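Here's the structure we're looking at; comments come further down.
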Amino acid sequence: MPSAVSMDKIVALCKRRGFIFQSSEIYGGLNGFWDYGPLGVELKRNVKEAWWRDMITNHDEFSTPPGAPSAFSMVGLDCSLIMHPQVWKCSGHYDLFHDMMSDCRETKRRFRFDQIRGRWVHVEKDARGIHRYFIMTDADTPEAGLEDTVVKACKFFDVRRKDAEAALTWQSPGLVGITPKDNLAHVVTPGATQPGTMTEPREFNLMFKTTIGALGGAEDAAFLRPETAQGMFVNFKNVLDTQRVRVPFGIAQMGKSFRNEITPRNFTFRSREFEQMEMEFFCHPDQSRAWYQYWRDRRYQWYLSHGLGSDRLRLRDHAADELSHYSVGTADVEYAFPFCEPGEFGELEGVAHRGDFDLRSHMEGKLVRDASGCLAVETGADGKPRHPGSGKDLVYFDDQSRERYVPHVIEPAAGADRATLAFLCESYHEDAQPDEKGALQPRVVLKLHPRLSPIKVAVLPLVKKDGMPELGLELYRNFKRAGIPSYFDQQAAIGKRYRRQDEIGTPWCITVDGQSLQDQTVTLRDRDSLEQVRMPVNRVIDEIAARLRG
RNA sequence: GCGGGCGUAGCUCAAUGGUAGAGCCCCAGCCUUCCAAGCUGGCCGUGAGGGUUCGAUUCCCUUCGCCCGCUCCA
C-alpha cells in the first residue's frame, strides 16, 4: 500500500510526464480548472471507455447478471450542456444552489445563513444597552445546542452558571434560525467576544450563469448544467417512445458539468468544470430496493476490478439525516486519497435511490417534503406551484401487466476526473530495483490496470544498430495496425527506457536484441514483476491482445 | 471568501539592489547487447502587472496560482 505517498509527488509526475496541467498555465493558471495532457487524455478516455463499455456497449439485455433482479436494457444519451432554465428550477438546483452565506468578522468563520441555529435571550443588566441577543451554537445536535447556548451565554455575559437561570431569560424553548430581517447587530457568533460581528448574508451562485443569444439580457439567462442527470430525466419519454425498451432499463450519459465550488482544492478532486459518468435506472417501485442494492454493489466492484485496493476503497451507506431531500437511500463509493486525513475518504461515486422525485418534478413542478414527510409540489404565496413542471405525462404504462406507474430511479453518478485521479494515486509506487551493477536504484512506477494504461506496449531495440531498430519499428507498426496503443523508443540506454515506461504505467515492454535477428524472437518484460519471457515475434501481438482481454 | 505560508529552468534546489548557477530531465552526436552508465555539445528560468531606484529576481503595492486552517461539499 502506498501509505506515505504525498500528493505533491503525484502532481509533479502528472506535470512532468504530461498527464495533467493547470488550465491556462502560461497566464498564471485558473483556480479549479485543469487540462489533460497527451498521456492524461488517454488515461481518462480509457476510464470513460471502460465505464461506457461495461454499462452500455457490452451489456446483454437478454441475460440476468449475477445479483440483478431480472434482465434489463441499457441505452446511452448525449445531451446539451445548456438546458431550459425551468429544468433547474424543477430539479431543485436553482433554489438549492443559491446559498446565502455570512461571515463572522471576528472569528473569521463562515456560516450558511439558512443553517444558523441558536436562541434569543433577554438580559436585564446589559452594559451595551441591547438587552436582546441571539446566541449562536455550532453544536451538532439540537440537545447539545440547547446546552451549548447556555454555556456560551454564561461566558459571553460573564455570568456564573448557578446564576444563569436568574440572569438570562430565554425567548424560545428550542433552537431557532435567523432571517435577514433580524438585527444582525444582536447576533453573537460562536467564539465571538462582541455582538454584531456577522456580515450581511451574501449570495453564492453555485451554478454557472450564461446568456443565450448575442443580445441576451437578464431574461435570457441560462445555466451550464451542474449535473448530467437532468438530461436523462427530461428525455425519459423520448427514449421510451423510440427505443423499444421497457422498464426496467437504464440511460447512461458521460459529459462535462459545472459547479462554482467555493473552495476548489486537492488537485482535480474538486474542480469547477468536471466530467461525470451518470446512469439513471428506471424500475418498478416495488423492485427499486433490490435494484438499488444491485447497482450499489456492482459499482463498488467496478472500482475494485480496475485496481483500487480494498483497503483504500469503501462503500458507505449514508445515515438517514445525511440523505438529500428526495433520496430514500444513498451509498457512496469512497477512496482514501493521499490528501485525506487518516480515516477520511473522498467521494468517487454516489449511488442514490431517488424514488419518483425526478420524473414527478418534471411533470408537476418542484417538489418539497410537506409536514407529513410526503413529497408535494411547492407552492408560492399565490397558491400556485413555485416552479411549474412541464405538464407532460411521464407515467409509464406496462402493457403486459396493464399497470400505470411513475418509475422509481436508481442513480449511480460517478466522477470521471475523480476516478482518474484515484487510479493515478493508487497506482503510484516508488520502489527500488537493481541497476546493472546490482545496486538498488529508486524507481517510480504507475501500476495501472492494463485496461487503463495510456500506452499498452513499448517496443525497444536493445541497441541502435545491426538492424534492431528496423525490426522494432516494423513490430511497432504492426501493433498500431492491430489497434493497440504502442510506443517506439530507441533513445538512451535500455534501463532508462524501461524506467520511462514504468513511470507512465506501460504494462509491457518488448525488446528487440541480437538474438531477435537470428531466430525472430523478442523478449516481453512485465512492468510489475520485471520478469522477461522470450517468444516468437510473430506471436507477440496476439499475446498482448490476449493479456489485454484479461 | 477570510487568516497564515509560499512562487527562481520541465523537476529538485542555490545566489544577489549591479551579466541568475548546479544536479537531474530533455534534445543532438559518439559510445553502448537487458533495467536511470560514460563523453561532447545544446535547449530552457526569477508567475503577471505596476511602483521606488541610475539599475529590482531581491524593497513596496496589486493581481494570479499553490499549500495549510476555517468555510463549503446537491
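Labels below follow one simple rule: chain letters A, B, ... track the order of the sequence lines, proteins then strands, and each chain is numbered from 1. Source: prediction; values computed, not measured.
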>> Rounding to an integer number of Å, can you tell me how far A/Gln491 CD sits from B/A28 C1'?
In response: 8 Å
>> Which residues pass the ring-ring contact (aromatic ring centres under 6.0 Å, His included) test with A/Trp34, not counting sequence neighbours?
In response: A/Phe267
> P atom, B/G17 versus B/G21: distance in rounded Å?
Replying inline: 16 Å
> How would you label the contact of A/Ile494 with the nucleic acid (heavy atoms, under 4.0 Å): base, sugar-phosphate, or nothing?
Replying inline: sugar-phosphate
>> At 4.0 Å (heavy atoms only), tell me whether A/Leu460 reaches a base, stays on the sugar-phosphate, or touches nothing.
In response: nothing
>> Whole angstroms only, please: what is the CG-P distance between A/Asp8 and B/G5?
In response: 19 Å
> Just how far, in rounded Å, is P of B/U33 from OH of A/Tyr498?
Replying inline: 14 Å
> Does OP1 or OP2 of B/C66 have a side-chain N or O of A/Asn31 closer than 4.0 Å?
Replying inline: yes
>> What is the separation between atom CD1 on A/Ile510 and atom C1' on B/C34, rounded to the nearest whole Å?
In response: 15 Å
>> Measure CG/A/Asp35 against P/B/G65 and give the value in whole Å, please.
In response: 14 Å
> Is there a side-chain polar atom (N or O) of A/Lys464 under 4.0 Å from OP1 or OP2 of B/U32?
Replying inline: no
>> Let's test your reading of the pairing rules: Watson-Crick or G-U wobble, both distances under 3.5 Å, then write RNA chain B as a dot-bracket string with ( ), [ ], | and dots.
In response: (((((((..((((....[..)))).(((((.......)))))....(((((..]....))))))))))))....
>> Among residues 11-21 of chain A, which ones have heavy-atom contacts with RNA chain B below 4.0 Å?
In response: A/Lys15
> Can you tell me how far C1' in B/A48 sits from the matching atom in B/C66, rounded to whole Å?
Replying inline: 15 Å
> A/Glu364: what forms a salt bridge (Lys or Arg N to Asp or Glu O under 4.0 Å) with it, not counting sequence neighbours?
Replying inline: A/Arg360
>> Strictly distance-based, threshold 3.5 Å: is any side-chain N or O of A/Arg272 a donor or acceptor partner for the main-chain N or O of A/Phe33?
In response: no
> If we take the P atom in both B/C59 and B/U16, what is their distance in whole Å?
Replying inline: 12 Å
> If the P atom of B/C68 is compared with that of B/U12, how far apart are they to the nearest Å?
Replying inline: 16 Å
>> Nearest to the A/Arg265 side chain among B/C68, B/A37, B/A36, which nucleotide is it?
In response: B/C68
> Is a side-chain donor or acceptor of A/Glu278 paired with a backbone partner of A/Thr228 at a separation under 3.5 angstrom?
Replying inline: yes
>> Measuring only the C1' atom in each nucleotide, how far is B/G45 from B/G10? A whole number of Å is fine.
In response: 11 Å
> In whole angstroms, how far is the P atom of B/G29 from the CD atom of A/Gln490?
Replying inline: 9 Å
> Is it true that the NZ or CZ of A/Arg525 lies under 6.0 Å from the centre of A/Tyr498's six-membered ring and within 45 degrees of the ring axis?
Replying inline: yes
>> Just the rounded figure in Å: distance from P of B/C34 to CZ of A/Arg497.
In response: 12 Å
> With A/Gln230, which of A/Arg225, A/His84, A/His362, A/His93 fulfils side-chain hydrogen bond (donor to acceptor under 3.5 Å, both in side chains)?
Replying inline: A/His362
>> Under the rule for side chain to side chain donor-acceptor pair (under 3.5 Å), what residues qualify as partners of A/Arg289, not counting sequence neighbours?
In response: none
>> Within the 4.5 Å heavy-atom criterion, are A/Val463 and A/Met468 side-chain neighbours or not?
In response: yes
>> Please report the distance separating the C1' of B/A36 from the corresponding atom of B/G4, rounded so that it comes out in whole Å.
In response: 40 Å
What pairs of nitrogen or oxygen atoms, one from the protein and one from nucleotides 44-48 of chain B, lie under 3.5 Å apart?
none

> For B/C26, does OP1 or OP2 lie under 4.0 Å from any side-chain N or O of A/Arg500?
Replying inline: yes
> Side chain of A/Arg525, base of B/C35: donor and acceptor closer than 3.5 Å?
Replying inline: yes
>> Using whole Å, what does the distance between atom P of nucleotide B/C72 and atom CZ of A/Arg272 come to?
In response: 16 Å
> Any side-chain N or O of A/Lys496 less than 4.0 Å from the OP1 or OP2 oxygen of B/C25?
Replying inline: yes
> Can a cation-pi geometry be assigned to A/Arg418 and A/Phe269, taking NZ or CZ under 6.0 Å from the six-membered ring centre and within 45° of the ring axis?
Replying inline: yes
> When you look at OH of A/Tyr36, are more than 12 heavy atoms from neighbouring residues, nucleotides or ligands closer to it than 6.0 Å?
Replying inline: yes
> On a whole-Å scale, what distance lies between the P atoms belonging to B/U57 and B/U8?
Replying inline: 15 Å
>> Please report the interatomic distance CG(A/Leu13) to CG(A/Leu39), rounded to the nearest 0.5 Å.
In response: 9.5 Å
> Roughly how far, to the nearest 0.5 Å, is CD1 of A/Ile251 from CG of A/Asn235?
Replying inline: 7.0 Å
> On RNA chain B, nearest-nucleotide positions of A/Arg534 versus A/Glu347: which is more 5'?
Replying inline: A/Arg534
>> Could you check whether any side-chain N or O of A/Gln490 sits under 3.5 Å from a backbone N or O of A/Pro469, counting only pairs where one atom can act as donor and the other as acceptor?
In response: no
>> When the P atoms of B/C43 and B/G47 are compared, how many Å lie between them, rounded to an integer?
In response: 22 Å
> Of A/Arg259 and A/Arg443, whose closest RNA chain B nucleotide lies nearer the 5' terminus?
Replying inline: A/Arg443
> Is there a side-chain hydrogen bond (donor to acceptor under 3.5 Å, both in side chains) between A/Thr511 and A/Asp513 once you walk through the steps?
Replying inline: CA-CA 6 Å; A/Thr511 306; A/Asp513 59 12; over 6 Å; no
